[in-house]
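Worksheet: one structure, shown below.
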Amino acid sequence: MNAAAEARALQLLNRVFGHPAFRGAQAEIVGHVAGGGDALVLMPTGGGKSLCYQLPALLREGTALVVSPLIALMQDQVAALKQLGVRAAFLNSTLDGREINACERALRDGELDLLYVAPERLMMPRMLECLVESKLALFAIDEAHCVSQWGHDFRPEYLQLSVLHERFPGVPRIALTATADPQTRDEIIRRLALDEARVFISSFDRPNIRYTIVDKQDARAQLLRFIREEHDGDAGIVYCLSRKKVDETAAWLVSHGVRALPYHAGMDAQSRAANQDRFQREEGIVVVATIAFGMGIDKPDVRFVAHLDLPKSIEGYYQETGRAGRDGAPADAWMAYGLGDVVQQRRMIDQSEGSEEYRRVSVAKLDALLGLCETAGCRRVRLLAYFGEAGAPCGNCDTCLEPPQIWDATEASRKALSCVYRTGQRFGAVHLIDVLRGRATDRVTQWEHHRLNVFGLGADLDEAAWRNVFRQLAALGYLRPDHEAYGALKLTEASRAVLKGEQRVDMRHVAPRKGRAAKTRRAAAADALSGVDAGLLERLKAWRMAQAREQGVPAYVIFHDRTLAEIAAAQPADMDALGALSGIGAKKLERYGPALLELVRG
């Protein structure tokens with residue numbers, strides 16, 4: 001980008017979006033795409049991906065077509081762009097025939113800067129014909145990881161998007177995602193025909209997110225304690241694997257005073273939309289959901305994401321936890337994890353109708369996630385390494401804040417593996433622990449396992465310790481859950497060396513958390529608001545909520561919390577001083593400036 005083009009881009013950034021400067025590689029990406037180049041952009045959630053195509057759309061002649069997989073994302077971004085004075089629209093199933101015709105006519109007449117469209121609609125002959133008759137600035141393919149068949153969120157319709165290159169070779173394309181390991185990156189390039197594209201990879205690190213993984217005991221009670229102690233009154237997302245568990249968990253949280261709402265594909269569309277709308281427009285709502293919820297939600301002030309079930313892969317975990325703390329303020333990624341999760345995920349892979357290669361890749365991805373769960377080192381280092389990025393211990397994850405003790409679990413492992421062998425490799429951990437601890441339950445005596453030489457051999461460890469041993473043996477690959485035998489644990493080839501005394505086994509000693517993290521986080525939040533007039537901030541938030549209700553948009557579409565905090569701290573005396581603050585572009589200054597200054601003076 002030459003000096004003149006760079007100056008124009010910076011001017012638009014400031015005038016339209018209210019930002020004084022680019023972040024990271026944004027300037028380079030904007031210059032490359034505005035100049036007509038193709039690009040693949042990997043940037044974490046909250047890193048400013050949208051600006052990488054929204055600004056080139058304004059710099060180039062014509063309309064930018066943005067391929068987006070979710071209605072919520074389209075509606076949010078279009079509402080936010082309209083607040084900035086940008087001519088934006090979307091085409092999706094919420095529109096009637098008259099509205100669709102008007103939108104297509106505006107596209108043909110060059111009256112739009114950006115048009116958001118779902119991939120299925122984009123590939124319709126009528127839509128492609130409309131594009132031929134229009135002046136196109138660029139194609140932006142958001143959530144590009146959906147093209148990967150090995151990814152956590154594969155969408156078959158994304159495979160058709162290579163036709164854009166064939167039908168419109170002169171129109172630049174930019175594909176964007178927050179989640180892609182090296183294998184997925186290569187697949188995006190191949191399937192979207194982006195062989196000539198420049199690849200921009202930003203750091204995957206989200207330093208404001210604290211990662212915590214706890215030993216699952218009573219998961220719902222652990223979750224409630226986490227919310228009450230660390231996020232009382234905060235917005236959050238809780239992920240569960242099944243629809244039934246979503247409904248039960250949401251109802252249980254409500255019964256314990258948490259403003260929780262369910263969200264899953266089994267609900268009727270009206271209830272699902274209403275719950276999503278409340279989450280976006282109200283403060284302090286906790287949504288309990290399957291992974292169907294969250295992609296494309298721009299809500300910046302989600303303070304925590306919790307998992308009650310193990311995701312399928314590190315990509316899925318990273319994508320879901322990335323929905324916390326988009327505003328850069330401290331946030332939490334919390335997960336309860338146990339042996340049952342390993343058994344459940346292995347069962348899902350074994351019962352999958354996918355090819356043998358699909359199952360092999362799925363097992364490898366699950367093993368990588370188990371490695372993250374069981375690491376004794378920094379979780380952030382392990383997470384970044386998966387995406388090919390080096391990192392140093394962060395000081396902001398549970399294993400950094402309270403390093404786990406490592407103990408020589410070789411003898412305990414041999415006892416556990418021997419018990420699996422002696423009982424015929426037909427039982428799950430609960431039964432095996434009863435045998436090892438010498439508990440002559442009805443089931444143990446029914447199978448005459450009280451007569452085995454392993455009966456009572458592990459009386460020196462309590463039930464929780466043995467649960468950890470079996471979970472880590474499964475995670476380390478010495479045991480394999482067998483779904484055909486109702487979750488029975490079976491020996492793997494790797495267990496032979498342990499049983500013969502040829503392989504040492506080190507394990508993490510899992511101790512209860514001390515709650516120190518919550519105090520540190522609250523102190524950090526208090527530091528971030530030092531110098532802010534708390535009364536003024538509350539008045540600004542109340543004014544923003546009234547504006548949002550009047551216009552029918554989420555509050556963060558009017559202004560982010562960060563911008564309101566800056567106003568409350570700086571207390572600008574005139575329009576020039578107000579316009580100099582981050583997040584207040586020319587259109588918002590014109591529209592809201594007088595009211596904001598009146599609030600400051602008041």
Checklist entry - Is the gap between the ring centers of Phe559 and Tyr592 under 6.0 Å? => result yes
Next on the checklist: As a quick check of understanding, evaluate side chain to side chain contact (heavy atoms under 4.5 Å, CB included) for Leu138 and Arg173, giving each step before the final call.
Outcome noted: CA-CA 6 Å; Leu138 60 92; Arg173 293 167 301 143; over 6 Å; no
Hey, does [Y] have a side-chain heavy atom less than 4.5 Å from the side chain of [X]?
X      : Y      : result
Phe304 : Arg323 : no
Tyr337 : Lys216 : no
Tyr53  : Val41  : no
Pro56  : Val30  : yes
Leu308 : Lys245 : yes
Ile227 : Trp334 : no
Tyr211 : Asn396 : no
Ile174 : Ile141 : no

Checklist entry - Step by step, would you call Ser50 with Gln77 a side chain to side chain donor-acceptor pair (under 3.5 Å)? => result CA-CA 9 Å; Ser50 301; Gln77 295 218 351; 3.0 Å; yes
Checklist outcome for this item: Which of Asp327, Asp232, Asp332, Asp561 passes salt bridge (Lys or Arg N to Asp or Glu O under 4.0 Å) with Arg303? Answer is Asp327
Please determine whether a side-chain nitrogen of the Lys or Arg among [X] and [Y] lies less than 4.0 Å from a carboxylate oxygen of the Asp or Glu.
X      : Y      : answer
Glu389 : Arg382 : no
Asp38  : Arg198 : no
Arg259 : Asp234 : no
Asp301 : Lys299 : yes

Between [X] and [Y], is there a donor-acceptor pair closer than 3.5 Å when you use the side chain of the first and the backbone of the second?
X      : Y      : answer
Glu283 : Ala235 : no
Thr399 : Gly377 : yes
Asp506 : Ile406 : no
Asp341 : Leu310 : yes
Gln345 : Val342 : no
Gln472 : Arg508 : yes
Thr321 : Tyr318 : yes

Please report the shortest heavy-atom distance between [X] and [Y], naming the atom on each side.
X      : Y      : answer
Tyr158 : Ala144 : CE2-CA, 4.3 Å
Ala260 : Ala250 : CB-O, 3.9 Å
Leu540 : Leu564 : CD1-O, 3.6 Å
Ala57  : Ala64  : CB-CB, 3.4 Å
Arg206 : Pro44  : CD-CB, 3.7 Å
Thr563 : Ser582 : OG1-O, 3.3 Å

Next on the checklist: Is there a side chain to side chain donor-acceptor pair (under 3.5 Å) between Asn468 and Arg471? Walk through the geometry before answering.
Outcome noted: CA-CA 5 Å; Asn468 286 324; Arg471 189 193 71 239; 2.7 Å; yes
Checklist entry - How about Asp113 and Gln54: does a side-chain donor come under 3.5 Å of a side-chain acceptor? => result no
Checklist entry - Hey, are Glu315 and His145 close enough side-chain-wise for a donor-acceptor pair under 3.5 Å? => result no
Distance from [X] atom [atom1] to [Y] atom [atom2], nearest 0.5 Å?
X      : Y      : atom1 : atom2 : result
Glu282 : Asp277 : CD    : CG    : 8.5 Å
Gln11  : Glu6   : CD    : CD    : 13.0 Å
Glu566 : Ile584 : CD    : CD1   : 8.0 Å
Ile209 : Arg326 : CD1   : CZ    : 10.5 Å
His19  : Leu10  : NE2   : CG    : 12.0 Å
Lys587 : Leu84  : NZ    : CG    : 10.5 Å

Checklist entry - Going by the angle between their ring planes, with limits at 30° and 60°, are His560 and Tyr556 parallel, tilted or perpendicular? => result perpendicular
Checklist entry - Under 30°, 30 to 60°, or over 60°: which ring-plane class applies to Phe387 and Phe204, parallel, tilted or perpendicular? => result parallel
Item to check | Ile558/Gln83 under side chain to side chain contact (heavy atoms under 4.5 Å, CB included): CA gap, chis, key distance, verdict | outcome: CA-CA 7 Å; Ile558 306 294; Gln83 289 282 326; 3.9 Å; yes
Next on the checklist: Is there a ring-ring contact (aromatic ring centres under 6.0 Å, His included) between Phe279 and Tyr263? Walk through the geometry before answering.
Outcome noted: CA-CA 10 Å; Phe279 176 69; Tyr263 185 100; 9.4 Å; no
Item to check | Leu59/Arg8 under side chain to side chain contact (heavy atoms under 4.5 Å, CB included): CA gap, chis, key distance, verdict | outcome: CA-CA 8 Å; Leu59 289 165; Arg8 183 169 173 243; 3.6 Å; yes
Checklist entry - Could you walk me through whether Ser313 and Leu369 pass the side chain to side chain contact (heavy atoms under 4.5 Å, CB included) check? => result CA-CA 6 Å; Ser313 65; Leu369 180 58; 5.8 Å; no
